[in-house]
Q: 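Sharing a structure with you now.
Each ligand, and each atom within it, is numbered from 1 in the order the structure gives.
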Amino acid sequence: MTAPVEVITELADALREWLPTQRWFAGKDRAVQHVRPVQAVSLVDGDPALVHAVIEVGQNGSADRYQLLLGLRRDVPEHLGHAWIGTRSELACYDATQDTELTGLLLDLIARGETLAGLRFQHEPEVELETALKSRPVGAEQSNTSLVYGNQYILKLFRKLVTGTNPDLTLHRALRAQRCEHIAEPLGAIEGSVAGEEVTFGMLQRFLPDAADGWAMATASVRDLMAEGDLHADEVGGDFAGEARRLGHAVAEVHADLAAALGTSTEGRELLDSTVDAMHQRLDTVLASVPELGAHEHRLRAAFEAARELTTPIAVQHIHGDLHLGQVLRTVLGWVLIDFEGEPAAPAAERLSLRSPLRDVAGMLRSFDYAAHQLLVGYPGGSSAEDQLTVRALEWARRNRDAFCEGYAEKAGDPREHAALLRALELDKAVYEVAYEHGNRPEWLAVPLSSIARITGS
Ligand SMILES: Nc1ncnc2c1ncn2[C@@H]1O[C@H](COP(=O)(O)OP(=O)(O)O)[C@@H](O)[C@H]1O
Ligand SMILES: O=P(O)(O)O[C@H]1O[C@H](CO)[C@@H](O[C@H]2O[C@H](CO)[C@@H](O)[C@H](O)[C@H]2O)[C@H](O)[C@H]1O
């Protein structure tokens, strides 16, 4: 086989076309100008062969690094047809995360704690892993690629790489040390370096086979309410408020465990000013690529400035950083929070900085709003305030947002006591979501845009 780096160089054009078709690719709003190999190593030689690669994707002056696992075969079996990327020198190249014949190796290497071709595969202390389990890709909406082994483990392969240890791994390890009940236990990792800097390539966790994801549960509840002509949320079978309250408990307990494990601090004027300045900066950036946001600029800036008036110091600590209903799983024992990676677009230093836990509360509040309103995207009556389904959506969101805050307040301070900061954080998150949807799911852009209009009254 030719050197793995050359495989990438020869396939650069095919990769340029393939990347934007992948759910995890974060740059769908800009043309891919170049794809270059940063590094590539062979993990398995032969047919099939397995290559681990880091590529640089150039778009509009930016250059992001992504992780790829590439399979190479002379003949690609039919069941891998959907994973095909391109063909070079009579060898078909495809996304190897879909190939169970190759992915079993990753778990086996973690179980044995081996280093291969510069990649460190390791299990957490005192963890013994079962090996030779077959993997299957998770078919979920996600920003990375996860593989489930048997019904025991889930391995997340980070796609867009950040420099330094990924916060997902750092925070999971800290919460494991605290014996936190609301996480899926971290069991291992794939780590290494890129251009001399430490990088996390993957994280292995206990798979929770009985878990239902919060987004699916919440949207099922919204559907139930919308199907009802006369009944209110508290009278409908699928009422979610009890779960929303328990979720408030879980989030408050995770915050307490993160604070106990990694410490807290109390910050004054300076942090508040830099928080508000960052909101304005984010808005500037998003306005440049999403002109539709312009109609709300004035009111957004006014809401951000209102947070500056806060006179009490802010308590800060490590937080989840991108909390929403898709990041919480309901098991038979209670709620579990997953994916502590923070916002995929934020720099690693920001994700690991100490911030107000109100940010996570704001993220959940946004998510209740999302769950209530996304079903109305494309629905003809969806924009009118009197429309029955819109009334139902508003009712559902209000009820569950309140229940979540009450639950949180039962275990920690009441987040609603800091209304101006909470509102600003919620709007800041909605601005982030505008950028996220624009880049990842343009058909959902209306969801955060309409929320901003509702919250600001514009
Ligand atoms: N420990 C787990 N047990 C069961 N399912 C899980 C577990 N961790 C993640 N999942 C499932 O995988 C999906 C993606 O996981 P997540 O960590 O959010 O990945 P991403 O960072 O790519 O968004 C989740 O929405 C959930 O459905
Ligand atoms: O879970 P990720 O780390 O990949 O987070 C990113 O993708 C999320 C969508 O999958 C996105 O969340 C937005 O959509 C959710 C519904 O799909 C909704 O519950 C969230 O409230 C909303 O923010 C998240 O913002 C993004 O970072």
Side-chain angles (χ1 to χ4, degrees), residues 22-26 28 67 97 136-160 162 166-169 171-172 182-187 200 202-219 222 247 320-331 333 335-346 351 359-375 377 397 400-401 404 426-441 443-449 451-452:
Q22 299 306 297
R23 170 64 183 87
W24 46 263
F25 182 63
K28 298 195 189 71
Q67 172 179 209
T97 63
R136 62 182 162 85
V138 168
E141 277 283 295
Q142 66 171 141
S143 304
N144 297 291
T145 298
S146 294
L147 304 172
V148 175
Y149 289 88
N151 249 358
Q152 279 100 305
Y153 314 124
I154 180 164
L155 174 65
K156 171 151 61 173
L157 296 165
F158 296 105
R159 289 299 195 163
K160 192 168 163 186
V162 292
N166 194 300
D168 208 4
L169 186 58
L171 298 190
H172 267 104
H182 301 291
I183 57 162
E185 189 191 1
L187 301 170
T200 310
M203 178 174 69
L204 187 76
Q205 282 176 279
R206 175 117 20 238
F207 181 65
L208 308 169
D210 67 330
D213 95 82
W215 175 256
M217 288 173 70
T219 46
V222 175
L247 188 51
H320 180 283
D322 191 18
L323 195 57
H324 58 82
L325 284 161
Q327 309 281 41
V328 293
L329 301 177
R330 179 71 163 95
T331 72
L333 298 176
W335 284 103
V336 163
L337 276 55
I338 57 169
D339 195 1
F340 287 71
E341 201 187 351
E343 290 173 359
R351 302 193 214 175
R359 243 177 224 284
D360 284 345
V361 172
M364 281 310 304
L365 295 182
R366 286 289 315 122
S367 207
F368 287 117
D369 200 66
Y370 243 77
H373 292 280
Q374 67 83 32
L375 291 173
V377 171
N400 288 286
R401 286 162 58 100
F404 174 79
E426 214 190 317
L427 284 167
D428 177 53
K429 186 74 190 177
V431 169
Y432 163 79
E433 289 165 348
V434 166
Y436 180 85
E437 299 302 0
H438 190 251
N440 291 270
R441 301 182 293 199
E443 63 286 2
W444 282 37
L445 183 58
V447 180
L449 277 178
S451 297
I452 292 174

Q: Ignoring hydrogens and angles, state whether a donor on the side chain of Arg159 or Thr145 is under 3.5 Å from an acceptor on the partner side chain.
A: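 A pair is found: one side chain offers a donor N or O, the other an acceptor, under 3.5 Å apart.
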Q: With heavy-atom distances below 4.0 Å as the criterion, list the atoms of ligand 1 near Gly326.
A: 25 (O)
Q: Number the atoms of ligand 1 from 1 as they appear, then name those within less than 4.0 Å of a heavy atom of Gln327, with their elements.
A: 18 (O)
Q: May I ask which of Leu325, Val447, Asp339, Leu365 has a heavy atom nearer to atom 3 (O) of ligand 2 than the others do?
A: Asp339
Q: Please say whether Tyr370 places an N or O atom under 3.5 Å from an N or O atom belonging to ligand 2.
A: no
Q: Which ligand 1 atoms, with their elements, are less than 4.0 angstrom from a heavy-atom of Ser143?
A: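 Per the distance check, 20 (P), 22 (O), 23 (O).
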Q: List ligand 1 atoms under 4.0 Å from Val138, heavy atoms only on the residue side.
A: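 So the atoms of ligand 1 that pass are 12 (O).
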Q: Counting N and O atoms only, with roles assigned by atom type, does the side chain of His320 sit under 3.5 Å from a partner on the main chain of Ile338, one being a donor and the other an acceptor?
A: yes
Q: Taking the non-hydrogen atoms of Ala211, is any one of them nearer than 4.0 angstrom to ligand 1?
A: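 Under 4.0 Å: no for Ala211.
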Q: Considering both backbone and side-chain atoms of Asp213, is one of its nitrogen or oxygen atoms within less than 3.5 Å of a nitrogen or oxygen in ligand 1?
A: no
Q: What are the atoms of ligand 1, with element, lying closer than 4.0 Å to any heavy atom of Ala184?
A: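 By the 4.0 Å cutoff, the relevant atoms are 1 (N).
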Q: For Thr219 and Trp215, indicate whether the former's side chain and the latter's backbone hold a donor-acceptor pair under 3.5 Å.
A: yes
